[in-house]
Asker: 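Sharing a structure below in structure tokens format, with a few things to ask.
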Amino acid sequence: MSKLKKLSPGNPDDLRKLRQLGSQIQKCECDKQGRIQISQKLMNFAKLGERLALIGSGDFGQIMDADRWEAEKKLQEGSGDDFLDILG
């Protein structure tokens, strides 16, 4: 179970954490070509550069800095782990 699911709005400390998380949420709308614009505040918060990568991660997606993603892929390639093992 994720930490987020364990938080209770009835607990003052948990409620503070939920408010902090909620304050980072920003509405994104698609333009006519289906693109979204990420605010500079979120770009800074996520440490995103000029090039981004959109990665499918099971039932959700991630946007991350493309250089960071490429570095992660290289680390994975050298680790000997076969990511396809999760499918079996």
Asker: To the nearest 0.5 Å, tell me how far E50 CD sits from M43 CE.
Answerer: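 These two atoms lie 6.0 Å from each other.
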Asker: Report yes if some heavy atom in the side chain of I63 is under 4.5 Å from a heavy atom in the side chain of I36; otherwise report no.
Answerer: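 Contact flag for I63/I36 side chains = yes.
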Asker: What I want to find out is whether K74 reaches E70 closely enough, with some N-O distance under 4.0 Å, to be called a salt bridge.
Answerer: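 No, K74 and E70 are not salt-bridged.
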Asker: Quick one: do L48 and L42 end up in the same hydrophobic cluster if we chain Ile, Leu, Val, Met, Phe, Trp and Tyr together by side-chain heavy atoms under 4.5 Å apart?
Answerer: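 Same cluster: L48 reaches L42 through Ile, Leu, Val, Met, Phe, Trp or Tyr contacts under 4.5 Å.
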Asker: Find out whether D65 and K47 are in side-chain contact, i.e. whether some heavy atom of one side chain is under 4.5 Å from a heavy atom of the other.
Answerer: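 With C-beta onward as the side chain, the pair stays apart.
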Asker: Counting neighbours of CD on Q20 that are heavy atoms of other residues, nucleotides or ligands and sit closer than 6.0 Å, is the number greater than 12?
Answerer: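 Correct, the count exceeds 12.
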Asker: To check you understand the geometry: which heavy-atom pair defines the closest contact between S23 and K41, and what is its length?
Answerer: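 Taking every non-hydrogen atom into account, O-NZ, 4.2 Å.
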Asker: For the atom pair CD (E72) and CD1 (I55), what is the distance rounded to the nearest 0.5 Å?
Answerer: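 Separation between the atoms: 7.5 Å.
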Asker: Report whether L54 and L52 are members of the same hydrophobic cluster (ILVMFWY, side-chain heavy atoms less than 4.5 Å apart, transitive linking).
Answerer: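 Shared cluster, yes.
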Asker: Could you tell me which non-hydrogen atom of R16 sits nearest to which non-hydrogen atom of D13, and how far apart they are?
Answerer: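 The answer is NH2-OD1, 2.6 Å.
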Asker: L21 versus L7: any side-chain heavy-atom pair under 4.5 Å?
Answerer: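 Of all side-chain heavy-atom pairs linking L7 with L21, none is under 4.5 Å.
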